[in-house]
**Student:** 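Quick one: structure below, then a few questions.
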Amino acid sequence: MCVKILGTGRSMPDKCLTNDDIAKIVDTSDEWIKSRVGIETRHIAENETTTSMAADAAKKALIRAKVNAEDIELIIVASVTGDNAVPATACQVQDIIGATNAMAFDINSACAGFDVALNTVIAYFGAGIYKTALIIGAETLSGIVDWEDRSTCVLFGDGAGAAVVQYSEDGLADFIQGADGGRGAALNKPNAPVKNPFKKGTDKETGLYMDGQAVFKFAVKTVPQCIEELLKKNNLEKDDIKYYIIHQANKRIIQSVAKRMCESEDKFPSNVSKYGNTSGASIPILLDEMNENKMLNPGDKIILCGFGGGLSWGATLIKW
Ligand code: ACO
């Protein structure tokens with residue numbers, strides 16, 4: 001069983017915030033942010049929404065894939081910041097792009113979301129249910145961060161990335177994934193408190209909370225572990241892999257993962273300096289930039305790896 005990525009696309013908000021811009025809002029500095037997480041700028045939605053960026057990225061991916069929207073059978077949007085509780089962002093995208101024959105739903109697997117969406121598609125393909133799918137990671141994290149908390153608001157950005165994926169005999173697809181809800185408090189954003197005529201008192205809505213060191217330790221341990229498990233499962237060596245396209249959480253996490261795996265940092269492409277952490281959108285945005293820059297050749301084996309809130313993670317092996 002195998003999948004091919006036929007086309008990719010991305011959509012970033014027009015507004016670009018530098019670290020100096022953020023230093024006007026909270027007590028931080030360009031030097032602190034660059035040295036701790038390697039972020040220089042991030043894009044922040046003003047006129048864009050999660051849905052508009054998701055649909056824009058999807059349209060670009062369809063054009064590059066040379067696939068008509070009517071031929072898409074499944075749309076999955078990975079997001080923790082959909083514009084509405086109902087309908088799903090995927091259903092809104094279906095309407096905007098005219099994918100009238102597609103089933104559409106969202107998944108919430110935070111920064112692992114795009115990878116989990118791809119794994120879900122692989123499972124559907126493997127079961128013979130669908131053959132052509134559109135997967136999207138789209139986030140407006142600027143709407144859920146606490147803009148008074150300097151330890152988190154400097155990290156995140158908004159954006160969307162998409163990929164058109166098709167079943168293929170001549171390909172490769174395998175994955176592993178996991179979750180540990182017991183450690184979920186390390187990265188947490190409660191929804192608005194329940195209000196109804198029977199509930200006593202009024203709870204205050206709270207912003208995103210992150211235990212940075214716990215997340216850091218989780219990431220640098222789990223990412224190498226699950227990549228190495230996936231390689232072993234497929235009888236592959238690290239030399240067989242052209243690139244590891246891992247969630248763009250921050251530069252130090254990426255560097256530590258490369259070091260722990262005794263791999264060159266060159267095999268871990270990164271754009272976190274430009275976009276910050278865009279959660280479920282980071283992998284498809286990076287994949288689209290790599291595709292645009294012709295960094296991938298037919299037959300290249302790559303591993304995508306997402307990790308984050310839940311806690312949850314996934315690694316996927318595919319052939320370009
Ligand atoms: N500017 C200036 N100072 C800051 C800032 C800031 N933006 N943020 C925190 N500080 C200060 C703290 O207040 C603290 O000051 P103090 O010593 O006077 O109390 C000091 O810097 C050190 O704070 P720590 O939290 O201990 O800093 P740490 O070395 O752990 O670095 C960081 C924080 C960069 C967040 C690190 O923990 C990390 O990389 N964690 C991974 C988290 C991550 O990337 N999450 C992304 C979301 S989850 C995901 O995508 C998987």
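Remember, it's 1-based here, ligands and their atoms both numbered in the order they're listed.
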**Student:** Using 30° and 60° as the class boundaries, would you call the ring planes of Y124 and F105 parallel, tilted or perpendicular?
**Tutor:**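 The arrangement is tilted - the two ring planes meet at 30° to 60°.
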**Student:** Mark yes when over 12 heavy atoms from residues, nucleotides or ligands other than N297 sit less than 6.0 Å from its CG; otherwise mark no.
**Tutor:**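 Buried by this count: over 12 neighbours within 6.0 Å.
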**Student:** Could you point out which residue of S270, S273, S282 forms a side-chain hydrogen bond (donor to acceptor under 3.5 Å, both in side chains) with Q248?
**Tutor:**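 Output: one option passes, namely S270.
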**Student:** Does this structure show an ion pair linking E228 with R260, if we count only N-O contacts that are shorter than 4.0 Å?
**Tutor:**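 R260 and E228: not salt-bridged.
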**Student:** Tabulated below should be the N or O atoms of ligand 1 paired with protein N or O atoms at under 3.5 Å; can you produce that?
**Tutor:**
from: ligand 1; atom 1: 1 (N); to: T28; atom 2: OG1; distance (Å): 2.7
from: ligand 1; atom 1: 3 (N); to: W32; atom 2: NE1; distance (Å): 3.3
from: ligand 1; atom 1: 7 (N); to: T28; atom 2: OG1; distance (Å): 3.0
from: ligand 1; atom 1: 7 (N); to: R150; atom 2: O; distance (Å): 2.8
from: ligand 1; atom 1: 13 (O); to: R150; atom 2: NH2; distance (Å): 2.9
from: ligand 1; atom 1: 26 (O); to: Q213; atom 2: NE2; distance (Å): 3.0
from: ligand 1; atom 1: 27 (O); to: R36; atom 2: NH1; distance (Å): 3.4
from: ligand 1; atom 1: 29 (O); to: R36; atom 2: NH1; distance (Å): 2.8
from: ligand 1; atom 1: 30 (O); to: Q213; atom 2: NE2; distance (Å): 3.1
from: ligand 1; atom 1: 37 (O); to: G212; atom 2: O; distance (Å): 3.4
from: ligand 1; atom 1: 39 (O); to: N250; atom 2: ND2; distance (Å): 2.9
from: ligand 1; atom 1: 40 (N); to: G212; atom 2: O; distance (Å): 2.9
from: ligand 1; atom 1: 44 (O); to: N250; atom 2: ND2; distance (Å): 2.7
from: ligand 1; atom 1: 50 (O); to: H247; atom 2: NE2; distance (Å): 2.8
from: ligand 1; atom 1: 50 (O); to: N277; atom 2: ND2; distance (Å): 2.8

**Student:** Considering the options D56, T50, T49, which one meets the side chain to side chain contact (heavy atoms under 4.5 Å, CB included) requirement together with S52?
**Tutor:**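 In the set D56, T50, T49, the residue that makes a side chain to side chain contact (heavy atoms under 4.5 Å, CB included) with S52 is T49.
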**Student:** Is a side-chain N or O of T81 found less than 3.5 angstrom from the main chain of T140, in a donor-acceptor match?
**Tutor:**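 Flag set: sc T81 to bb T140 pair under 3.5 Å.
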